[in-house]
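A, B, ... follow the sequence lines: proteins, then strands. Residue 1 opens every chain. Side chains are part of it too, since the values below use all heavy atoms of this structure and drop only hydrogens, waters and symmetry mates. Everything numeric here is computed off the predicted structure, so don't read it as measured data.
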2 protein chains.
Amino acid sequence: MQRTMAKRPLPPADHHAARFARQREADRTATAEDYVELIADLLREEGEARAVDLARRMGVSQATVTATVGRLQRDGLVETKPYRGLFLTPSGQEMARTAKARHELVVRFLIAVGLDPETAETDAEGLEHHASEKALAAFARFLAEREDGGR
Amino acid sequence: MQRTMAKRPLPPADHHAARFARQREADRTATAEDYVELIADLLREEGEARAVDLARRMGVSQATVTATVGRLQRDGLVETKPYRGLFLTPSGQEMARTAKARHELVVRFLIAVGLDPETAETDAEGLEHHASEKALAAFARFLAEREDGGR
DNA sequence: ATGATAACTTAGCCTAGGCTTAGTTTCGGA
DNA sequence: TCCGAAACTAAGCCTAGGCTAAGTTATCAT
Ligand SMILES: [Mn+2]
Ligand SMILES: [Mn+2]
Ligand SMILES: [Mn+2]
Ligand SMILES: [Mn+2]
């Protein structure tokens, strides 16, 4: 995949550690982001977001959804009305809005660099959680230039 | 970050679930990939990869390294000689080689689309685990075209 | 040669996020 | 109306990957 194995010396240990720490942090927030994004999507597209639908779409058992939603409630992102679905608190809505915009941006970017739309969607689901603000800005810049380029 | 919130209907539930399943799978393998890549780097650059150095560079306690390395051993990726460092089995070397190439590719790609090198390194540490083969191929294609473009 | 220090391990704890199985509660069709 | 099915909850289990604190053990400098 690459010819020359660059002889780059290792970064200072604390820098190195900081990278991994950021990665672990992103992993910790990923589930919440995916859930609230999906809840928002379901509310918008289907009018309601029931736990059973979340379970189906996340590919996870209902019990897992119950537990995860419990944590989201604890963290002030979600409210539940049993048999009537899930709802987002203001801060849940905020997170969903951000997550959705980021998700869309990553998908459009991946397509712009030559990935097919289906794979772009799949990959974006994971990649989105690890793109920093700076990376997202770079992606947006890239897309803006692409659109301009046609002119 | 985006003006129009595309009214894309939700994908079929099973497709949707498959995306999240792939994401979870990637998360499960990420730690092993990072460890073997780092062990390989340390062996190459420092001549040895001791647990204590791994701990420092991963930003994690020594006890965590012991536990994680135990899993890597169980999975046939690593061998240990106490006070003499860690070594990769053939399949560990193979994983390290792949992970390293992928890491380098992602970094170069991020820089090519306008990210500064330090952020590229940080983001790559997380992004690399979620880029499919197709995405990596697209990144490589993009880089090849960039290089060509100057001609 | 030996002992202080660094490296490593062990034990015990925690949370997130999975699972199955077994209840309970609500809804809606006959 | 009422009862079976669907939705939800609860209980109990598991693994990964973190932590701290308390041992061991090997190395190396004196
Ligand atoms: Mn996602
Ligand atoms: Mn998403
Ligand atoms: Mn990584
Ligand atoms: Mn890496």
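For the pair T89(A) (side chain) and G76(A) (backbone), a donor-acceptor distance under 3.5 Å is present. A donor-acceptor pair is defined here as one N or O able to donate and one able to accept, closer than 3.5 Å; such a pair exists between the side chain of R141(A) and the backbone of G114(B).
Extent of DNA chain C lying under 4.0 Å from chain A heavy atoms, first and last nucleotide in 5' to 3' order, is dA16(C) to dC27(C).
For R28(A), the salt bridge (Lys or Arg N to Asp or Glu O under 4.0 Å) criterion is met by E25(A), not counting sequence neighbours.
For the segment residues 63-73 of chain B, the set of residues with a heavy atom within less than 4.0 Å of an atom of DNA chain D comprises A63(B), T64(B), R71(B), in numerical order. Within residues 74-83 of chain A, the residues that place at least one heavy atom under 4.0 Å from DNA chain C are, in residue-number order, R74(A), Y83(A).
With 3.5 Å as the limit, one finds a donor-acceptor pair spanning the side chains of Q23(B) and H129(A).
Ion pair R19(B)/E118(A) flagged as a salt bridge, since at least one NZ, NE, NH1 or NH2 atom sits closer than 4.0 Å to an Asp/Glu carboxylate oxygen. A salt bridge links D41(B) and K100(B); the closest N-O separation between the charged side-chain nitrogens and carboxylate oxygens is under 4.0 Å.
At a threshold of 4.0 angstrom between heavy atoms, the contacts of R84(A) are confined to the sugar-phosphate backbone, with no base atom among them.
Counting only residues at least two apart or in different chains, ring-ring contact (aromatic ring centres under 6.0 Å, His included) contacts with residues 79-107 of chain A are absent. Annotation: ring-ring contact (aromatic ring centres under 6.0 Å, His included) contacts involving residues 16-72 of chain B, sequence neighbours excluded, comprise H16(B)-F20(B).
Atom NE2 of H130(B) is separated from atom CG of D27(B) by 4.5 Å, given to the nearest 0.5 angstrom.
A 6.0 Å sphere centred on CZ of R22(A) holds no more than 12 heavy atoms belonging to other residues, nucleotides or ligands.
Counting to the nearest Å, the P atom of dA7(D) and the CD atom of E48(A) are 10 Å from each other.
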